[in-house]
Amino acid sequence: MKVTREFYDVYGRKYIDIDGERIKVPWRYNRVMGVHVDGVKPIQSLVVGDEVEVTTKTVIYEGDVYKILKSIKIR
């Protein structure tokens, strides 16, 4: 999988797009929380075209479906 849009903010929520799919990044206290990162590069430093493997969980909130990042492996 490839990063198609770098780490970005929408109304205080942090996201990253992987293969054109928006994935929410858990963010508290000005850092990524609860995500297992395998690699030396932080999520905030990923650029378009970086190869990654991700694991997500799907959450339904007020009728909308969201994908939340659980783990990421940076190649």
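All heavy atoms count here, side chains included; hydrogens, waters and symmetry mates do not.
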Give me the other members of the hydrophobic cluster that Tyr29 sits in, counting Ile, Leu, Val, Met, Phe, Trp and Tyr linked by side-chain heavy atoms under 4.5 Å, directly or via other members. Met33
Under a 4.5 Å side-chain heavy-atom rule over Ile, Leu, Val, Met, Phe, Trp and Tyr, are Trp27 and Val59 clustered together? no
To the nearest 0.5 Å, tell me how far Ile18 CD1 sits from Thr56 OG1. 10.0 Å
Excluding Tyr11, membership of its hydrophobic cluster (Ile, Leu, Val, Met, Phe, Trp, Tyr; side-chain heavy atoms within less than 4.5 Å) reads Tyr8, Val10, Tyr15
Give, for atom OG1 of Thr55 and atom CD1 of Ile23, the distance between the pair rounded to the nearest 0.5 Å. 10.0 Å
Remaining members of Val65's ILVMFWY cluster at a side-chain heavy-atom cut-off under 4.5 Å? Ile60
Any Asp38 side-chain heavy atom under 4.5 Å of Ser71 side chain: no
For a quick test of reading the model, state the closest non-hydrogen atom pair linking Pro26 to Ile68 and the distance between them. CG-CG2, 3.8 Å
May I ask you to test the Ile72-Leu46 pair for a side-chain heavy-atom distance under 4.5 Å? yes
Is there a side-chain contact between Val37 and Pro42, using heavy atoms and a 4.5 Å cut-off? no
Tracing side-chain links under 4.5 Å among I, L, V, M, F, W and Y, which residues wind up in one group with Tyr61? Tyr66
So salt bridge (Lys or Arg N to Asp or Glu O under 4.0 Å) across residues 23-32, not counting sequence neighbours, yields none
Taking the side chain as C-beta and beyond, is there a heavy-atom pair between Asp19 and Lys2 under 4.5 Å? yes
Please collect all salt bridge (Lys or Arg N to Asp or Glu O under 4.0 Å) contacts where either partner lies in residues 66-75, sequence neighbours excluded, each pair once. Glu21-Lys67, Glu51-Arg75, Glu53-Arg75
With a 4.5 Å heavy-atom cut-off, do Val3 and Asp17 have their side chains touching? no
With a 6.0 Å cut-off (strictly less than), is the heavy-atom count around CZ of Arg22, excluding the residue itself, greater than 12? yes
Any Ile74 side-chain heavy atom under 4.5 Å of Asp50 side chain: no
